[in-house]
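For reference, the structure discussed in these notes is given below.
In what follows, every heavy atom counts, from backbone to side chain, and hydrogens, waters and symmetry copies are set aside.
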Amino acid sequence: MPARSSSPVPAGLGQLAAARPADPGEHPQLLDHLGTVPDPRRAKGRRHPLAFVRALAACAVLAGAKSLTAIAERAADAPAAVLTVLGGPSREPSGPTAPAEATVRRVLQRVDGNVLDTEIRSWLVTRDPDRMAPGQDAARRLRRSLAVDGKTVRGARRTDGTQAHLLAAMTGTGLVAAQREVGSKTNEIAVFRPMLAELDLADTVVTFDALHSQAAHARFLVEEKKAHYIAVIRGNQPLLHQYLKQLP
């Protein structure tokens, strides 16, 4: 997607901006997750490992960067000791060097956004206080909730000029548990099931707007994911709407 100098960070990295500050012991776990995202570049001509560029970007976002330009600026200001810890290759007498802004921009725009979303979400989920600990009695805690909704990303456009649109699922504690881009040739309904497929939704209440009040979605949540749901039914589903209005 074409990018201006103020282009926002990729949605996956954007999840980090809303997360609570990470403890020092959690940083290696985040780097491990970032290291599993495939490198879209050709092997020839690579100067900076992909995991290193992603780690720099993640640290910049955690430190407050809100655009690709800001990420590159913070990377350029990082001391050699930080670049070394994040996996920067040492080819210079003074130590590793940060990637140029063009490299940061190119790498983050070409990386698979869905895979990056998944890996960052996997790390964030391990830090979510709303998760049930192994062996914890489900009857002694509130039932988990997950809200599904779509949004159009301001300032981010595809090559065909259309704006990027995301479907996300957020926990009751404000964590984005899953997120997928809605392609320009499809819609949110087609993305709903793939986005939630990898999540453990057992005994979770999933809420969504009228667009997703589909019989197939309800069966998927109840029969396959063992979840509960709250659906919004409007007049465009007259038979179901009438039936529900007749209930006590």
Side-chain angles (χ1 to χ4, degrees), residues 1 10-12 14-15 18-19 112-122 124-126 128-133 136-158 160-248:
M1 105 184 21
Q15 296 183 49
D112 188 321
N114 286 338
V115 176
L116 182 61
D117 273 351
T118 298
E119 292 304 322
I120 291 179
R121 184 258 304 168
S122 298
L124 289 173
V125 165
T126 64
D128 184 9
D130 194 42
R131 293 176 70 244
M132 182 183 295
Q136 183 177 349
D137 184 0
R140 298 181 61 186
R141 63 186 301 281
L142 294 175
R143 180 168 283 135
R144 293 179 298 173
S145 63
L146 198 69
V148 176
D149 197 12
K151 64 178 180 180
T152 299
V153 183
R154 295 180 59 185
R157 293 186 178 275
R158 304 184 180 93
D160 60 2
T162 59
Q163 285 186 280
H165 189 80
L166 302 175
L167 184 66
M170 180 176 290
T171 69
T173 59
L175 168 69
V176 178
Q179 187 171 245
R180 288 288 184 273
E181 182 175 356
V182 180
S184 59
K185 296 183 179 180
T186 185
N187 55 46
E188 290 185 13
I189 295 175
V191 178
F192 182 93
R193 180 167 176 165
M195 181 188 67
L196 298 178
E198 298 180 3
L199 298 183
D200 177 10
L201 299 179
D203 207 35
T204 299
V205 179
V206 182
T207 64
F208 40 83
D209 58 25
L211 175 66
H212 295 289
S213 296
Q214 309 281 331
H217 289 356
R219 285 194 294 267
F220 164 70
L221 291 172
V222 174
E223 298 175 4
E224 296 187 32
K225 306 303 291 185
K226 310 305 178 185
H228 312 275
Y229 65 86
I230 298 177
V232 177
I233 306 300
R234 293 183 175 173
N236 59 347
Q237 300 186 53
L239 295 180
L240 179 57
H241 189 267
Q242 182 180 7
Y243 172 77
L244 293 176
K245 288 190 67 175
Q246 294 173 352
L247 291 175

Is there a side chain to side chain contact (heavy atoms under 4.5 Å, CB included) between His212 and Leu167 once you walk through the steps?
-> CA-CA 11 Å; His212 295 289; Leu167 184 66; 3.9 Å; yes

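- Atom CG of Asn187 is separated from atom CZ of Phe192 by 12.5 Å, given to the nearest 0.5 angstrom.
- Smallest separation of non-hydrogen atoms from Thr171 and Ala177: CG2-CB, 4.0 Å.
- Here the OG1 atom belonging to Thr186 is positioned 10.5 Å from the NE2 atom belonging to His165, to the nearest 0.5 angstrom.
- Annotation: side-chain contact (heavy atoms from CB on, under 4.5 Å) contacts of Asp149 (sequence neighbours excluded): Asp209.
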Which donor-acceptor pairs under 3.5 Å do side chains of residues 237-248 form with protein atoms, sequence neighbours excluded?
unit_1: Gln237; atom_1: NE2; unit_2: Ser213; atom_2: O; d: 3.1

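- For the residue pair Gln179 and Ala168, the shortest heavy atom distance occurs at OE1-CB, 4.0 Å.
- Note that CZ of Arg180 and CD of Glu188 are 14.5 Å apart. Values are rounded to the nearest 0.5 Å.
- Nearest heavy-atom pair across Arg144 and Leu201 is NH2-C, 4.5 Å.
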Distance-only criterion, 3.5 Å: show the donor-acceptor pairs between side-chain atoms of residues 216-228 and protein atoms not counting sequence neighbours.
unit_1: Glu224; atom_1: OE1; unit_2: Arg193; atom_2: NH2; d: 3.0
unit_1: Glu224; atom_1: OE2; unit_2: Arg193; atom_2: NH2; d: 2.6
unit_1: Lys225; atom_1: NZ; unit_2: Ala197; atom_2: O; d: 2.8
unit_1: Lys225; atom_1: NZ; unit_2: Leu199; atom_2: O; d: 2.7
unit_1: Lys226; atom_1: NZ; unit_2: Glu223; atom_2: O; d: 3.0
unit_1: His228; atom_1: NE2; unit_2: Asp203; atom_2: OD1; d: 3.0

